[in-house]
Amino acid sequence: MTTRPGAAQSLKDLVLVGHGMVGQRFLEAFVEQPGAAEWRVTVLAEEPRAAYDRVHLTSWFSGTSAEELSLTPAGFLAEHGIDLRLADPATAVDRAARTVTCASGAVLRYDALVLATGSYPFVPPVPGHDAAGCHVYRTIEDLETIRDEAAASRIGVVVGGGLLGLEAAGALTALGLETHVVEFAPRLMAIQVDEGGGRLLQRKIEGLGVNVHTGAGTQAILTGEDGRVRAMGLSDGRELPADLVVFSAGVRPRDQLARECGLPVGERGGIVVDERCRTRDPHVYAIGECALAADGRVYGLVAPGYAMAETAARSLADELREEHQFTGADTSTKLKLLGVDVASFGDAHGATEGAVDVLYSDSRAGIYKKLVIGAEGQLLGGVLVGDTEAYGLLRPLAMGGKPLQTAPEQLVLPSGLAPASGPIALPDEAVVCSCHNVSKGEIRAAVHEQGCATVPEVKKCTKAGTGCGSCVKLLGTIVTEELEAGGVTVDRSLCEHFGHTRSELYEIVRVAGIADFSELLDRHGRGGEGCDVCKPAVASILASLNNGHILDGEQGALQDTNDHFLANLQRNGSYSVVPRIPGGEITPEGLITIGEIARDHGLYTKITGGQRIDLFGASVDQLPRIWRRLVDAGFESGHAYGKSLRTVKSCVGETWCRYGVQDSVGLAIELELRYRGLRSPHKLKAAVSGCARECAEAQGKDFGVIATSAGWNLYIGGNGGMTPRHADLLAADLDRETLLKTIDRFLMFYIRTADRLERTSVWLDRIEGGLEHVRQVVLEDSLGICAELDALMDRHVDAYQDEWAAVLADPDRLRRFTSFVNAPGTPDPAVTFVPERGQIRPARPDEDGRILTPALVAGPRLEVRSA
Amino acid sequence: MTETLTRPLSAGAVTGEVEILDGRAWTRVCPFEELTPGRGVAVLSASGEQVAVFRDRSGALYAVDNRDPFSGAYVLSRGIVGSRAGVPTVASPMYKHVFDLRDGRCLDEETAPDGRPAVLRVWSVRVAAPEGGR
Ligand code: SRM
Ligand SMILES: Cc1cc2nc3c(=O)[nH]c(=O)nc-3n(C[C@H](O)[C@H](O)[C@H](O)COP(=O)(O)OP(=O)(O)OC[C@H]3O[C@@H](n4cnc5c(N)ncnc54)[C@H](O)[C@@H]3O)c2cc1C
Ligand code: SF4
Ligand code: FES
């Protein structure tokens with residue numbers, strides 16, 4: 001960090017205690033204030049790392065790294081000359097001297113002190129609460145110890161059935177523990193949901209394999225001879241065996257520093273602050289979970305903390321205007337727990353005078369929705385369990401406080417049952433993103449004033465959608481509406497030749513039974529010749545619907561160059577060859593054969609990121625000869641060139657690995673063989689892991705399967721690449737047969753409805769209803785199309801044939817594999833290579849490379865290897 | 001570079017050898033029926049240059065350089081033939097730049113990475129009568 005010598009005297013000193021979520025947000029808001037340069041900022045942090053995203057802490061268990069959770073952009077601190085002192089907590093404040101003492105002994109002077117010390121987890125003082133095996137759930141370090149101990153534990157008990165407790169329970173289950181939740185209140189998430197919602201929630205949580213004990217208090221933690229947790233004594237006299245306990249019984253504000261220096265704190269804790277977030281001492285501010293706000297509440301959520309951060313930053317810079325004062329906040333929440341959707345917002349319990357409830361409940365479908373309507377017909381709040389689709393829209397409506405324009409039942413009825421009506425209009429003041437306090441008006445302004453035309457642009461410009469993410473869908477709708485209102489037609493047509501989307505064309509081809517491009521263009525197109533957008537897209541649709549070999553007849557002409565030569569074009573015009581290696585399993589003979597073929601044809605070989613082998617540097621003339629040998633040795637096309645199934649990666653699994661619980665290799669091979677050759681809107685990747693350690697990275701795949709002791713968990717919509725996305729759990733503990741059926745339907749549904757070049761990740765985020773909709777379609781047949789999807793997949797499986805074997809068997813298909821029509825056998829003189837690390841690589845323009853002549857490549861050895 | 005044959009020929013009615021002119025002489029390409037509508041082939045001219053010859057769905061023929069000015073690779077013959085606002089085109093398979101087949105001009109970018117105009121040389125192409133000889 002830089003101290004600026006010379007300038008130091010004239011600078012005022014700001015000390016921030018606590019570098020948590022709110023502390024970091026404060027820094028970001030503060031450096032943007034006009035007078036920020038007059039301040040020197042020092043931050044004291046108790047934790048060993050800079051601020052990170054505590055809200056998504058649980059995702060650390062599913063592989064999100066500490067770096068990914070970080071909220072402190074690289075270079076941020078240095079750029080603004082902020083001195084962050086990690087693992088050096090403040091221990092005392094002397095208000096008279098205006099100094100802070102740190103654990104390291106340093107004493108810092110301040111002109112302004114901001115306390116953002118957050119909360120600590122409350123641990124009920126029952127006997128044994130500090131025994132080995134007892135944990136809390138707040139920091140990355142907490143999670144590290146829980147993970148380490150879970151490996152040697154069988155049963156985990158979570159104390160507390162609130163938002164955090166359920167999240168912790170979800171994590172323990174995912175770590176493979178038998179999990180129990182003990183909740184003192186008669187229902188789960190008592191703060192957020194009402195009785196009816198709580199009942200349904202409990203059923204859902206139990207459905208995930210978590211045992212729920214409500215109305216039960218923790219009386220004692222019983223330990224064994226080694227001093228470790230052995231069981232939990234409950235208030236009803238029962239004894240619950242336990243190897244690991246996580247306390248999640250609420251949090252308490254960390255107000256000790258303030259208490260000790262004589263600042264007023266609330267009866268139940270929390271540093272008392274006013275609307276400017278200032279304590280009794282005008283030089284000291286408190287924000288976030290440690291503060292007792294002007295409305296007499298301590299907020300345990302991040303959005304109010306962010307609002308306080310903003311307030312304090314402006315207040316310090318003397319930029320505070322009335323509307324930035326912090327007088328209270330919305331406590332809406334949406335549970336992030338996998339597999340259960342719960343949301344509550346506004347006055348969820350109907351505490352307002354004269355409020356009435358509108359209720360929709362369907363226990364069979366597991367849906368419960370309650371809206372609280374005020375005396376003037378305005379929406380006050382609500383609870384949603386099982387289907388939180390409408391949350392993004394309802395929350396801002398509830399905050400708006402205006403009488404509803406729509407009948408309230410329309411807002412809770414499932415779409416099929418609700419009477420048709422136009423989209424529900426949100427007023428401009430409605431806060432769409434509560435994490436960053438962005439209103440609909442600001443989003444609209446970003447579109448028509450600042451020219452943002454896409455959701456990512458609006459996110460960048462307004463910050464909306466960059467917090468918990470729950471508003472992103474609504475954001476998309478508003479952006480589209482706004483663009484359309486501004487006369488920008490959001491054109492979804494494929495290209496100038498077709499006024500349809502890919503999925504519309506798919507339906508046309510499927511229903512009308514169209515078998516070639518010309519017919520489709522003549523009957524449904526806008527004329528012209530077609531282009532490099534619609535031709536491959538239509539080729540893919542025709543192939544998905546099984547119209548014979550992809551190189552036959554007119555179809556051959558539609559294919560991208562890779563499909564056209566069933567190989568991958570490289571930068572110098574040569575091609576690469578990827579034989580299929582299902583599941584990544586290969587025999588020594590297989591390896592030797594590939595090695596021999598590569599050696600004899602002088603090809604460069606490399607292990608790919610997809611667990612197979614790529615052979616580079618082949619000319620088009622060589623391709624059939626290379627494939628003749630590969631096919632003879634039993635290899636098939638790996639479709640590295642196609643928008644189709646690529647690989648199903650596997651980890652070694654139960655067969656060898658000491659942790660494996662199922663045969664992941666066997667399943668991966670079965671899946672790869674089942675879906676090989678399946679053409680789709682974009683490439684498809686998959687993986688199977690043999691246990692929750694997830695060595696096959698299944699959650700980064702379009703579909704991923706993770707073994708559990710009871711079956712297989714199926715995840716969908718994962719993606720690596722440029723915009724990585726973790727997959728979502730679609731269904732848990734499936735048996736093999738149900739698993740295959742579910743994947744079949746998922747894939748066919750995706751193929752049917754996705755846009756061109758839209759990976760499953762993007763598709764899942766785009767389609768209306770998202771994951772829940774897909775779940776209903778493929779598991780509950782909500783659209784009544786499962787029989788059709790099944791039939792299409794059966795047809796694919798039956799009709800599969802190896803594309804390369806079929807090419808080799810047909811001289812007509814082979815004809816295209818010549819470099820020059822008028823000089824067959826002449827190699828492309830422009831494709832030249834030089835040796836590097838014992839293999840070849842393309843020569844650069846300034847290098848004198850060598851053409852690999854057929855005579856040379858046909859020989860048994862390549863010269864560079866002759867030593 | 002005289003008359004390029006872009007006049008639609010009704011497919012099927014046409015037979016004969018496709019030929020290109022490299023300034024001095026006509027070079028044989030292949031029989032017309034061997035060209036796939038909507039696709040191209042690479043040809044080595046008498047002077048050793050690489051030419052891409054295309055046939056569109058109506059039977060019209062085009063011949064341009066095979067070298068893609070954006071990648072430097074000789075791959076245009078492997079691109080997809082199409083149209084843009086009525087203009088016959090080919091899209092390079094490398095980085096998908098689209099070229100006007102009539103005059104060789106790139107419709108997406110004017111300049112190639114080496115600073116030269118992104119224009120392909122256009123070659124004359126014809127179908128010689130079966131008995132006609134060269
Ligand atoms: C060969 C390989 C690199 C390697 O040497 O390891 C590779 C090579 C290419 N990748 Fe890849 N990718 C390879 C594994 C991956 C992986 C890792 C994996 O599969 O586990 C990823 C991330 C996972 C994923 O896709 O979600 C990956 C994400 C991409 C992307 C980004 C996709 C996205 O959704 O953002 C592209 C670009 C695209 O498809 O638009 C891409 C595109 C390409 C292309 C096709 C680029 C191109 O147009 O030339 C490369 C040509 C393939 C070829 O054979 O010539 N490649 N690529 C890997 C082949 C794996 C295989 O056995 O089939
Ligand atoms: C698992 C989990 C899930 C959550 N999910 C949600 C959610 O879905 N939605 C939501 O709104 N909220 C959620 N929360 C709550 C949210 O994380 C908090 O509201 C938010 O982190 C509060 O920010 P803060 O900066 O006030 O406190 P913190 O983020 O806790 O930061 C306070 C920091 O101050 C440090 N500190 C304390 N005392 C000192 C000292 N004396 N000297 C120096 N440093 C000190 C602490 O070590 C800590 O790093 C969740 C919390 C957890 C643990
Ligand atoms: S990361 Fe880029 S360079 Fe590497 S293989 Fe993938 S596309 Fe090619
Ligand atoms: S509401 Fe959380 S990101 Fe917008």
Side-chain angles (χ1 to χ4, degrees), chain A residues 495-497 516-518 521-522 525-536 539 551-565 567-575 619-621 641 812 815-816 818-831 842-845, chain B residues 17-20 27-31 34-46 48-58 60 66-68 70-98 101 107 113-114:
Chain A
C495 64
E496 67 173 68
H497 306 101
D516 67 58
F517 178 78
S518 293
L521 188 62
D522 291 346
R526 295 165 168 165
E529 181 78 11
C531 66
D532 60 313
V533 172
C534 59
K535 283 182 167 181
L551 297 185
D552 282 357
E554 200 196 22
Q555 266 197 72
L558 307 176
Q559 309 292 347
D560 261 325
T561 188
N562 283 356
D563 296 81
H564 194 67
F565 291 106
N568 290 59
L569 178 67
Q570 302 299 318
R571 60 186 315 127
N572 62 351
S574 67
Y575 284 83
S619 65
V620 286
D621 314 74
Y641 46 79
D812 213 41
R815 261 193 326 122
R816 76 191 61 214
T818 35
S819 293
F820 300 106
V821 257
N822 61 343
T826 310
D828 180 346
V831 176
R844 301 191 187 104
Chain B
E17 289 291 329
V18 175
E19 298 179 339
I20 54 165
T27 304
R28 196 190 82 96
V29 174
C30 65
E34 278 183 25
L35 294 176
T36 311
R39 215 74 221 192
V41 292
V43 182
L44 219 43
S45 81
E49 281 162 296
Q50 292 198 32
V51 184
V53 176
F54 302 96
R55 167 181 168 182
D56 73 9
R57 292 192 309 140
S58 66
N66 194 29
R67 182 177 179 275
D68 168 22
F70 294 91
S71 61
Y74 289 74
V75 293
L76 285 179
S77 60
R78 305 178 209 157
I80 292 180
V81 173
S83 67
R84 186 183 282 185
V87 172
T89 58
V90 64
S92 166
M94 198 59 87
Y95 303 121
K96 316 281 165 179
H97 291 90
V98 171
L101 282 173
L107 299 176
D114 61 9

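Everything quoted here is computed from the prediction, not taken from an experiment. Just the heavy atoms: all of them, side chains too, but no hydrogens, waters or symmetry mates, feed the values below. Throughout, protein chains are lettered first and strands after them, A, B, ... in sequence-line order, and every chain is numbered starting at 1.
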Most contacts with chain A, counted as non-hydrogen pairs under 4.5 angstrom, among P37(B), G86(B), A85(B), S71(B): A85(B)

Leading residue by heavy atom contact count with chain A [cutoff under 4.5 Å; candidates V81(B), D68(B), N66(B), V98(B)]: V81(B)

Side chain to side chain contact (heavy atoms under 4.5 Å, CB included) partner of N822(A), the single match among V18(B), I20(B), L44(B): L44(B)

Positive for side chain to side chain contact (heavy atoms under 4.5 Å, CB included) with P93(B), one of D532(A), L569(A), N562(A): L569(A)

Enclosure of Y74(B) OH (heavy-atom neighbours >12, cutoff 6.0 Å): no

Is [Y] close to [X] at the side-chain level, that is, under 4.5 Å between some pair of heavy atoms?
X: T89(B); Y: E529(A); answer: no
X: T36(B); Y: R816(A); answer: no
X: V75(B); Y: T561(A); answer: no

Option that, when pairs with chain B are counted at under 4.5 Å, heavy atom only, ranks first among G528(A), G530(A), C531(A), C495(A): G530(A)

So what's closer than 4.5 Å to chain B heavy atoms on [X]: side chain, backbone, both or neither?
X: S518(A); result: both
X: R815(A); result: side chain
X: P842(A); result: neither

Derivation of the side-chain contact (heavy atoms from CB on, under 4.5 Å) call for D560(A) and K96(B): CA-CA 10 Å; D560(A) 261 325; K96(B) 316 281 165 179; 3.4 Å; yes

Under 3.5 Å donor-acceptor, R78(B) side chain and H564(A) backbone: no

R84(B) side-chain N/O to E496(A) backbone N/O, donor-acceptor pair under 3.5 Å: no

Heavy-atom closest contact (G573(A) atom, A73(B) atom, distance): N-CB, 4.0 Å

